[in-house]
Engineer: 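Take this structure, written in structure tokens, and hold onto it; I'll ask about it next.
Bear in mind the structure is a predicted one, so any value in this text is a computation, not a measurement.
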Amino acid sequence: MAFERTYNMIKPDGVRNRHVGDIISRIERVGLTIERMELTMVTPEQAAENYREHEGKPFYEGLISYITSGPVVKMVVSGENAVATMRKLMGATNCAQAAPGTIRGDFGLTVDENVIHGSDSVESAEREIAVFFGA
């Protein structure tokens, strides 16, 4: 087991649909720690930096528009195997394939509005933490 930090964001649909408290409770119940948390808007610059690998793809503009459309809750979450634990807790990216009991399975609406983002690796987490919280 390894102590890790991961970056997670409750997306605009999760905030708009009032799932923030339920999601935070689930994170804490599995034994992870929320080190840092902030309710804020994602700037166009942060969105562009975070999603730069998708630039030029057909869904890119919609992704940027969506993630900057309303408040988000950005978090640094830590604990033993935090990345894998959060990935399991979140469920499949496509809400239709996410198991009941996962965040996306219970609260997700579509693949485009899937409630929560989570880093897919420790390396991604460090990059995303820097993008959204600074060095």
Engineer: I need the full list of ring-ring contact (aromatic ring centres under 6.0 Å, His included) pairs touching residues 30-49, with sequence neighbours left out, sorted by first then second residue.
Structural biologist: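 Sorted result for residues 30-49: empty, none.
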Engineer: Apply salt bridge (Lys or Arg N to Asp or Glu O under 4.0 Å) to Glu28 and list each qualifying residue two or more places apart in sequence or on a separate chain.
Structural biologist: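 So Glu28 forms no salt bridge (Lys or Arg N to Asp or Glu O under 4.0 Å) with any residue.
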Engineer: For Asn8, what residues pass the side-chain hydrogen bond (donor to acceptor under 3.5 Å, both in side chains) criterion, not counting sequence neighbours?
Structural biologist: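 Scan of Asn8 (side-chain hydrogen bond (donor to acceptor under 3.5 Å, both in side chains), adjacent residues dropped) gives none.
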Engineer: Quick check: is Leu39 connected to Val20 through a chain of hydrophobic side chains (ILVMFWY, heavy atoms under 4.5 Å apart)?
Structural biologist: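 Yes, Val20 connects to Leu39 through the hydrophobic network.
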Engineer: Hey, can you pull the donor-acceptor pairs under 3.5 Å for the side chains in residues 82-89, sequence neighbours left out?
Structural biologist:
| unit_1 | atom_1 | unit_2 | atom_2 | d |
| --- | --- | --- | --- | --- |
| Thr85 | OG1 | Asn81 | O | 2.8 |
| Arg87 | NH1 | Gly118 | O | 2.8 |

Engineer: Less than 4.5 Å apart, any side-chain heavy atom of Val77 and any of Tyr7?
Structural biologist: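 Contact flag for Val77/Tyr7 side chains = no.
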Engineer: Please report the interatomic distance OG(Ser119) to CE(Met9), rounded to the nearest 0.5 Å.
Structural biologist: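 It is 9.5 Å, given to the nearest 0.5 Å.
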Engineer: Go through the structure and list residues passing side-chain hydrogen bond (donor to acceptor under 3.5 Å, both in side chains) with Asp13, not counting sequence neighbours.
Structural biologist: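 With sequence neighbours excluded, Asp13 shows a side-chain hydrogen bond (donor to acceptor under 3.5 Å, both in side chains) to Tyr66, given in chain and number order.
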Engineer: Donor-acceptor check, side chain of Thr68 to backbone of Ile64, threshold 3.5 angstrom: yes or no?
Structural biologist: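 Confirmed, Thr68 side chain pairs with Ile64 backbone.
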Engineer: Holding to side-chain hydrogen bond (donor to acceptor under 3.5 Å, both in side chains), I want the full list of residues that pass it with Thr40, two or more places apart in sequence or in another chain.
Structural biologist: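 With neighbours one apart ignored, the set is empty.
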Engineer: If you compare all heavy atoms of Ala125 against all heavy atoms of Arg5, which two are closest, and at what distance to 0.1 Å?
Structural biologist: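 It is CB-O, 3.4 Å.
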Engineer: With side chains defined as the heavy atoms from C-beta onward, is the minimum distance between Lys11 and Ile67 less than 4.5 Å?
Structural biologist: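 Side-chain contact under 4.5 Å: yes.
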Engineer: Is Ile23 linked to Leu32 within one hydrophobic cluster, defined over Ile, Leu, Val, Met, Phe, Trp and Tyr using a side-chain heavy-atom separation of less than 4.5 Å?
Structural biologist: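 Same cluster: Ile23 reaches Leu32 through Ile, Leu, Val, Met, Phe, Trp or Tyr contacts under 4.5 Å.
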Engineer: May I have the list of side-chain donor-acceptor pairs in residues 105-112 shorter than 3.5 Å, sequence neighbours left out?
Structural biologist:
| unit_1 | atom_1 | unit_2 | atom_2 | d |
| --- | --- | --- | --- | --- |
| Asp106 | OD1 | Gly101 | N | 2.9 |
| Asp106 | OD2 | Arg26 | NH1 | 3.0 |
| Asp106 | OD2 | Arg26 | NH2 | 2.7 |
| Thr110 | OG1 | Asp112 | N | 3.2 |
| Thr110 | OG1 | Glu113 | N | 2.9 |

Engineer: To check you understand the geometry: which heavy-atom pair defines the closest contact between Gly70 and Pro12, and what is its length?
Structural biologist: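 That closest heavy-atom pairing would be O-CG, 3.8 Å.
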Engineer: Is Met75 close to Ile27 at the side-chain level, that is, under 4.5 Å between some pair of heavy atoms?
Structural biologist: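 Side-chain contact under 4.5 Å: yes.
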Engineer: Could you note down all residue pairs passing ring-ring contact (aromatic ring centres under 6.0 Å, His included) where residues 23-56 supplies at least one of them, sequence neighbours left out?
Structural biologist: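 Found His54-Phe59.
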Engineer: By the salt bridge (Lys or Arg N to Asp or Glu O under 4.0 Å) test, which pairs, at least two apart or in different chains, include something from residues 36-50?
Structural biologist: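 Residue pairs passing salt bridge (Lys or Arg N to Asp or Glu O under 4.0 Å), neighbours aside: Glu38-Lys74, Glu49-Arg52.
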Engineer: To the nearest 0.5 Å, how far apart are OG in Ser69 and CZ in Arg16?
Structural biologist: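 Nearest 0.5 Å value for the OG-CZ distance: 6.0 Å.
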Engineer: Membership question, hydrophobic clusters at under 4.5 Å side-chain separation (ILVMFWY): are Val42 and Phe133 in the same one?
Structural biologist: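 In one cluster with Phe133: Val42, yes.
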Engineer: Please check: side-chain N/O of Arg104 versus main-chain N/O of Gly91, any donor-acceptor pairing under 3.5 Å?
Structural biologist: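 Side chain of Arg104 to backbone of Gly91: a pair is present.
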Engineer: Can you give me the closest heavy-atom contact between Ala99 and Thr102, atom names plus distance?
Structural biologist: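 Where Ala99 meets Thr102 most closely, the heavy atoms are O-OG1, 2.6 Å.
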Engineer: In the structure I gave you, are the side-chain heavy atoms of Met37 and Val73 within less than 4.5 Å of one another anywhere?
Structural biologist: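 Yes - at least one pair of side-chain heavy atoms lies under 4.5 Å apart.
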Engineer: What residues, two or more places apart in sequence or in another chain, satisfy salt bridge (Lys or Arg N to Asp or Glu O under 4.0 Å) together with Glu61?
Structural biologist: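 Partners of Glu61 under the salt bridge (Lys or Arg N to Asp or Glu O under 4.0 Å) test: none.
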Engineer: Which heavy atom of Ile24 sits nearest to which heavy atom of Ile34, and what is that distance?
Structural biologist: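 Between these two residues, the closest heavy atoms are CG2-CD1, 3.7 Å.
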Engineer: Out of curiosity, Ile10 CD1 to Ile103 CD1, how far, rounded to the nearest 0.5 Å?
Structural biologist: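 Reported value, rounded in 0.5 Å steps: 7.5 Å.
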Engineer: With sequence neighbours left out, what residues match Glu80 under salt bridge (Lys or Arg N to Asp or Glu O under 4.0 Å)?
Structural biologist: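 Glu80 satisfies salt bridge (Lys or Arg N to Asp or Glu O under 4.0 Å) with no residue once adjacent residues are dropped.
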Engineer: Could I get the full list of side-chain hydrogen bond (donor to acceptor under 3.5 Å, both in side chains) partners for His117, not counting sequence neighbours?
Structural biologist: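 side-chain hydrogen bond (donor to acceptor under 3.5 Å, both in side chains) list for His117, sorted by chain: Glu128.
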Engineer: Between the main-chain N or O of Ala96 and the side-chain N or O of Asn94, is there a donor-acceptor pair closer than 3.5 Å?
Structural biologist: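 Indeed, once roles are kept as given, a pair shorter than 3.5 Å links the two residues.
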